[in-house]
**Q** 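Quick one: structure below, then a few questions.
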Amino acid sequence: MERLILVVAALPLVSALMVQLLSTGMGRRVARLSVAAVSLAFALAVAMLSTVLMTDMSGQVALTDSWGILLLDPLSALMAVVISGISLIVHVYSVRYMAEESGYARFFVLLDLMTATLLVMVAAGDLITLLAAWHLIGVLLYFLLGHDTRSHSAHRYAFWTLITYRIGDVPLLIAAGVLYHTFGTWSLSGIFAGIAADPGVQYLGLPVTELVAGLIALAAFARSAQFLLHTWLPYTMDGPTPVSALMHAGIVNAGGFLINRFAPVFVHTDSVLPWVFAMGLVTAMIGSILMLTQNDIKKSLGYSTMGQMGFMIMECGAGAFSLAIYHLIAHGVFKGTLFLGAGGVIGE
């Protein structure tokens with residue numbers, strides 16, 4: 001059963017390869033192949049989640065001895081259902097929406113690669129795999145936002161998003177280095193076991209839990225558009241609507257997921273969680289106020305996402321990690337629907 005998480009993540013990757021290879025001969029029909037692969041991934045993810053919940057099982061599959069580990073636990077199974085489900089809706093919507101755009105097959109290749117990368121990220125059981133997926137999401141988002149090569153503004157804000165993401169990657173990279181040098185392993189389960197055994201462990205005279213939790217929080221702030229690192233989010237609306245839906249429904253939520261994945265670290269801190277709560281509170285207030293001042297519906301939805309991400313980070317800061325995951329799922333479904341329906345509202 002552990003290998004099922006590997007199959008779920010591999011299906012969109014195989015689909016991307018097949019779409020690229022068959023696009024010349026099949027033309028726009030390759031979209032059906034992409035939709036079919038994501039549909040199968042969603043069905044397997046649902047079956048996987050049901051099994052995990054009914055049997056309370058967990059496990060992992062490792063491609064090598066030290067990295068390439070994918071976890072099968074309730075969090076990864078639940079997030080796999082959310083990601084594949086939202087991606088399936090975006091895929092189906094894109095079949096007709098992108099039909100008149102150039103680079104039709106390329107768009108579905110990128111969409112499949114993004115889905116596969118997100119699935120790997122939520123299932124990553126080691127720091128190397130997590131860092132690779134975390135970085136690749138930013139790169140793929142850059143190409144998706146800049147899909148229309150004729151739009152200079154789309155490319156400009158896609159590049160600004162990429163730069164912000166790279167800034168947010170630095171704290172996570174430092175945190176990974178500190179954890180590896182402290183515990184001598186890349187495995188998340190091994191690291192969490194080490195912290196549980198000795199919460200007061202230090203690195204260069206600094207408490208590891210406080211240092212690592214602070215760095216991970218900074219990485220999450222950049223990805224989830226917290227105040228001062230939020231400027232990229234409202235200005236990415238020149239990208240295709242399906243990309244906006246996937247980004248606001250899933251990719252922006254990665255910050256909340258990251259804090260939840262490292263919850264065993266955060267629970268042993270004294271000062272980080274109040275700081276996380278305060279940052280979420282400020283972001284929620286500013287995002288909600290700016291949302292009410294916009295006259296463009298997509299930009300209003302962008303600031304709404306900023307406000308909701310603030311509330312989600314507040315929940316993490318209050319130690320309500322399960323509530324944050326519920327908020328993540330509810331916001332993903334709700335905001336994805338709003339973006340996909342924004343065109344009809346504008347048309348009215």
**Q** Could you give me the CA-CA distance, side-chain angles and deciding distance for L127 and I191, then say whether side-chain contact (heavy atoms from CB on, under 4.5 Å) is met?
**A** CA-CA 10 Å; L127 293 171; I191 290 170; 3.6 Å; yes

**Q** When rounded to the nearest 0.5 angstrom, what distance separates CG in L131 from CE in M121?
**A**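 The CE atom of M121 is 12.0 Å from CG of L131, to the nearest 0.5 Å.
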
**Q** Less than 6.0 angstrom separating the ring centers of F227 and H230, yes or no?
**A**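 Ring centres of H230 and F227 closer than 6.0 Å.
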
**Q** So, for L88 and V35, which heavy atoms are closest and what is the spacing to 0.1 Å?
**A**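 L88 and V35 have their closest heavy atoms at CD1-O, 3.9 Å.
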
**Q** Do Q308 and F334 pass the side-chain contact (heavy atoms from CB on, under 4.5 Å) test, and can you show the C-alpha distance, the side-chain angles, and the key distance before you say yes or no?
**A** CA-CA 11 Å; Q308 291 301 313; F334 177 67; over 6 Å; no

**Q** If every non-hydrogen atom of L111 is compared with every non-hydrogen atom of S94, which pair is closest and at what distance?
**A**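 Of all heavy-atom pairs spanning L111 and S94, the closest is CD2-OG, 4.2 Å.
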
**Q** Quick one: do F257 and V333 end up in the same hydrophobic cluster if we chain Ile, Leu, Val, Met, Phe, Trp and Tyr together by side-chain heavy atoms under 4.5 Å apart?
**A**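 Each belongs to a different hydrophobic cluster.
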
**Q** Has H147 got a side-chain atom pairing as donor or acceptor with S102's backbone, closer than 3.5 angstrom?
**A**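 Yes, H147 side chain to S102 backbone: donor-acceptor pair under 3.5 Å.
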
**Q** Please name the pair of heavy atoms, one in A318 and one in F277, separated by the smallest distance, quoted to 0.1 Å.
**A**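 For A318 versus F277, the nearest heavy atoms are N-CD1, 4.1 Å.
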
**Q** Are V81 and L72 connected into the same hydrophobic cluster when the rule is that any two of I, L, V, M, F, W, Y join if their side-chain heavy atoms are below 4.5 Å apart?
**A**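 Same cluster: L72 reaches V81 through Ile, Leu, Val, Met, Phe, Trp or Tyr contacts under 4.5 Å.
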
**Q** Find out if a path of hydrophobic residues (ILVMFWY) with successive side-chain heavy-atom gaps under 4.5 Å connects I167 to L141.
**A**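 Same cluster: I167 reaches L141 through Ile, Leu, Val, Met, Phe, Trp or Tyr contacts under 4.5 Å.
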
**Q** Which heavy-atom pair separates G336 from A245 by the least distance, and what is that distance?
**A**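 Looking at all heavy atoms of both residues, the shortest contact is O-CB, 4.0 Å.
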
**Q** Does any N or O in the side chain of R261 come within less than 3.5 Å of the main-chain N or O of G125, such that one atom is a donor and the other an acceptor?
**A**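 No: the side chain of R261 does not pair with the backbone of G125.
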
**Q** Is any side-chain heavy atom of I313 less than 4.5 Å from a side-chain heavy atom of T283?
**A**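 A side-chain contact is absent here, since even the closest heavy-atom pair is not under 4.5 Å.
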
**Q** Please determine whether the number of non-hydrogen atoms from other residues, nucleotides or ligands lying under 6.0 Å from atom CZ of R28 exceeds 12.
**A**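 Yes - once you tally the heavy atoms of other residues, nucleotides and ligands closer than 6.0 Å, there are more than 12.
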
**Q** If every non-hydrogen atom of R223 is compared with every non-hydrogen atom of I137, which pair is closest and at what distance?
**A**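 Nearest heavy atoms, R223 then I137: NH1-CG2, 3.8 Å.
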
**Q** Please say yes or no: joined through hydrophobic side-chain contacts below 4.5 Å, possibly via intermediate residues, are M279 and I289 part of one cluster?
**A**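 Each belongs to a different hydrophobic cluster.
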
**Q** Does S224 offer a backbone N or O that forms a donor-acceptor pair with the side chain of Q226 under 3.5 Å?
**A**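 It does hold such a pair.
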
**Q** Do F221 and W275 have their ring centres less than 6.0 Å from each other?
**A**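 So the answer is yes for these two rings.
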
**Q** Between S304 and S300 (side chain of the first, backbone of the second, donor and acceptor by atom type, cut-off under 3.5 Å), is there such a pair?
**A**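 No, because the side chain of S304 does not come within donor-acceptor range (under 3.5 Å) of the backbone of S300.
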
**Q** Just so I know, are the side chains of I69 and V61 near enough to count as touching, which here means a heavy-atom distance under 4.5 Å?
**A**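 Result no, sub-4.5 Å side-chain heavy-atom pair not found.
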
**Q** Measuring from atom NE2 of H331 to atom CE of M309, what distance do you get when rounded to the nearest 0.5 angstrom?
**A**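 Nearest 0.5 Å value for the NE2-CE distance: 4.5 Å.
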
**Q** Can you check whether I5 reaches L71 side chain to side chain, under 4.5 Å on heavy atoms?
**A**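 Side chain of I5 against side chain of L71, heavy atoms only: no contact under 4.5 Å found.
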
**Q** Hey, does D73 have a side-chain heavy atom less than 4.5 Å from the side chain of S76?
**A**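 Touching, per the 4.5 Å side-chain cut-off.
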
**Q** How are the rings of F108 and H91 set to each other: parallel, tilted or perpendicular (split at 30° and 60°)?
**A**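 Geometry flag for H91 against F108: tilted rings.
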
**Q** What residue among D169, T129, T117 forms side-chain hydrogen bond (donor to acceptor under 3.5 Å, both in side chains) with W134?
**A**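 Between W134 and the candidates, side-chain hydrogen bond (donor to acceptor under 3.5 Å, both in side chains) is satisfied uniquely by D169.
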
**Q** Judged by atom type as modelled, is there a donor-acceptor pair below 3.5 Å linking the side chain of Y104 to the main-chain atoms of V95?
**A**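 At least one qualifying donor-acceptor pair exists.
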
**Q** Counting C-beta onward and ignoring hydrogens, is there a side-chain heavy-atom pair between T115 and V90 closer than 4.5 Å?
**A**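 Of all side-chain heavy-atom pairs linking V90 with T115, none is under 4.5 Å.
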
**Q** Do the side chain of R29 and the main chain of M26 share a donor and acceptor less than 3.5 angstrom apart?
**A**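 Indeed, once roles are kept as given, a pair shorter than 3.5 Å links the two residues.
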
**Q** Answer yes or no: is there a side-chain heavy-atom contact under 4.5 Å between Y165 and Y142?
**A**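 They are not in contact (no side-chain heavy atoms under 4.5 Å apart), so the answer is no.
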
**Q** Checking the side chain of T305 only, and the main-chain atoms of L301 only, is there a donor and an acceptor separated by less than 3.5 Å?
**A**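 Confirmed, T305 side chain pairs with L301 backbone.
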
**Q** Could you grab the distance from atom CG of D112 to atom CZ of F107, nearest 0.5 Å is fine?
**A**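 CZ of F107 is found 10.0 Å from CG of D112.
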
**Q** Is any side-chain heavy atom of T241 closer than 4.5 Å to a side-chain heavy atom of Y93?
**A**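 Yes, their side chains come closer than 4.5 Å.
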
**Q** Test H268 against V201 for side-chain contact (heavy atoms from CB on, under 4.5 Å), laying out the working first.
**A** CA-CA 11 Å; H268 292 293; V201 63; over 6 Å; no

**Q** When you look at OH of Y203, are more than 12 heavy atoms from neighbouring residues, nucleotides or ligands closer to it than 6.0 Å?
**A**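 For Y203, atom OH is crowded (more than 12 foreign heavy atoms under 6.0 Å).
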
**Q** Are L144 and I163 linked, directly or through other ILVMFWY residues, by side chains that come within less than 4.5 angstrom of each other?
**A**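 Yes.
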
**Q** Any chance you could lay out the side-chain contact (heavy atoms from CB on, under 4.5 Å) test for F262 and L179, step after step, and finish with the verdict?
**A** CA-CA 12 Å; F262 283 88; L179 289 172; 4.1 Å; yes

**Q** Looking at every non-hydrogen atom in both residues, tell me the closest pair between V120 and A9 and how far apart they are.
**A**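 Closest pair (atom of V120, atom of A9, distance): CG2-CB, 4.0 Å.
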
**Q** For the CG atom of L70 and the CG atom of L6, what is their distance to the nearest 0.5 Å?
**A**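 Here the rounded value is 6.0 Å.
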
**Q** Suppose we call two aromatic rings close when their centres sit under 6.0 Å apart. Are W232 and Y157 close by that rule?
**A**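 No.
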
**Q** Atom OG in S87, atom CG in L119: separation rounded to 0.5 Å?
**A**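 With rounding to 0.5 Å, OG (S87) is 8.0 Å from CG (L119).
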
**Q** Run the side-chain hydrogen bond (donor to acceptor under 3.5 Å, both in side chains) check on N253 and H327 step by step: do they pass?
**A** CA-CA 10 Å; N253 292 318; H327 192 162; over 6 Å; no

**Q** Does some side-chain heavy atom of V243 sit less than 4.5 Å from a side-chain heavy atom of M114?
**A**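 Not in contact.
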
**Q** To the nearest 0.5 angstrom, please state how far the CG atom of D126 sits from the CG atom of L188.
**A**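 Here the rounded value is 6.5 Å.
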
